[in-house]
Amino acid sequence: MAERQPGDYGYEDTSLKAMGGEPGVRTLVDLFYDEMERLPEARTIREMHPSDLSISRDKLAAFLTGWLGGPKRYRERWGPIRIPPAHAHLKIGASERDAWLLCMQRAVDQMPVADDFRAYFMREIAVPANRAMTRP
Ligand code: HEM
């Protein structure tokens, strides 16, 4: 595959900008957790989280800011993180992964972002979602 060029999604902070910068990421994460609270398919993964989702919202927004090529906000506040060990204590199989991705799809569908970026984002986020699985 050719290297990413300036302007491509994935190049430096192009993806963060396409999401609407840090305020856009925060909106996405709020929509994501709103979906998790609402969707029956997400009940199991909602119950894995603390009842108060404030810190979960802060942590996911901070992580995604860096993951989208922006400043490493998660590391600044909480130190280094890797997705597999961060989820090792949870039971995450294919159905939990799919529920998580469904919440994210519903969230990004409500974001005023370019259609090609939305599709790119969902393809890319599936990679760490698979790595978060702890069950075959
Ligand atoms: C595949 C389905 C996933 C499920 C079911 C899931 C579930 C969870 C749960 C329940 C927590 C809270 C753990 C606790 O409070 O003990 C958590 C933490 C977290 N998750 Fe996920 N997650 C998934 C995928 C992802 C992905 C794909 C990302 C990033 C792209 C992510 C990023 C995070 C982060 C940054 C934290 C905070 C870790 C910490 O500071 O302890 N998760 N996840």
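Atom set for the values below is all heavy atoms of this structure, side chains included, hydrogens, waters and symmetry mates excluded.
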L102 reachable from F32 in the ILVMFWY side-chain graph, under 4.5 Å edges: no
Distance, nearest 0.5 Å, that separates CE of M19 from OG1 of T65: 10.0 Å
Cluster companions of V127 among Ile, Leu, Val, Met, Phe, Trp, Tyr (side-chain spacing under 4.5 Å): none
Closest non-hydrogen atom pair between I83 and P128, with its separation: CG2-O, 3.8 Å
Spacing of Y9 atom OH and K17 atom NZ [to the nearest 0.5 Å]: 13.0 Å
Where A42 and A99 come nearest, the two heavy atoms and their spacing: CA-CB, 4.2 Å
R135 atom CZ: more than 12 heavy-atom contacts under 6.0 Å: yes
R26 versus A61, closest heavy-atom pair with distance: CD-CB, 4.3 Å
Pair M122-M104, side-chain contact (heavy atoms from CB on, under 4.5 Å): steps then yes or no: CA-CA 8 Å; M122 287 310 302; M104 194 55 87; 4.0 Å; yes
Non-hydrogen side-chain atoms of F121 and L28 separated by less than 4.5 Å: yes
Heavy-atom pair with the smallest gap, counting every atom of Y120 and R4: OH-NH2, 3.6 Å
Closest non-hydrogen atom pair, P71 against L16: CD-CD2, 4.1 Å
Backbone N/O of Y11 and side chain of S15: donor-acceptor pair under 3.5 Å: no
Donor-acceptor under 3.5 Å (R46 side chain, S51 main chain): yes
Distance-only polar pair, side chains of Q105 and E35, donor-acceptor under 3.5 Å: no
Cluster link I45 to I55, ILVMFWY, side chain under 4.5 Å: no
Gap separating the CG atom of N130 from the CZ atom of R97, nearest 0.5 angstrom: 5.0 Å
Test side-chain contact (heavy atoms from CB on, under 4.5 Å) applied to D58 and W78, step by step: CA-CA 11 Å; D58 288 353; W78 294 286; 3.9 Å; yes
Those residues that, when tested against D98, pass side chain to side chain contact (heavy atoms under 4.5 Å, CB included) (two or more places apart): none
Main-chain N/O of M111 paired with R118 side-chain donor or acceptor, under 3.5 Å: yes
L68 side chain near D13 side chain, heavy-atom distance below 4.5 Å: no
Minimum side-chain heavy-atom gap R106-L31 below 4.5 Å: no
CZ-CZ distance between R43 and R38, expressed to the nearest 0.5 angstrom: 13.0 Å
Spacing of OG1 belonging to T134 relative to NE2 belonging to H89, to within rounding of 0.5 Å: 9.5 Å
M36 side, atom CE; T44 side, atom OG1 - distance, nearest 0.5 Å: 11.0 Å
Partners meeting ring-ring contact (aromatic ring centres under 6.0 Å, His included) with Y33 (sequence neighbours left out): H49
Within-4.5 Å side-chain heavy-atom neighbours: Y74 and W67: no
Cluster overlap V108 with L39, hydrophobic side-chain contacts below 4.5 Å: no
Residue pair G93 / M133: nearest heavy atoms and the distance that separates them: C-CE, 3.7 Å
Any donor-acceptor N/O pair, R57 side chain to D30 backbone, under 3.5 Å: yes
Any side-chain heavy-atom pair of R77 and K59 under 4.5 Å: no
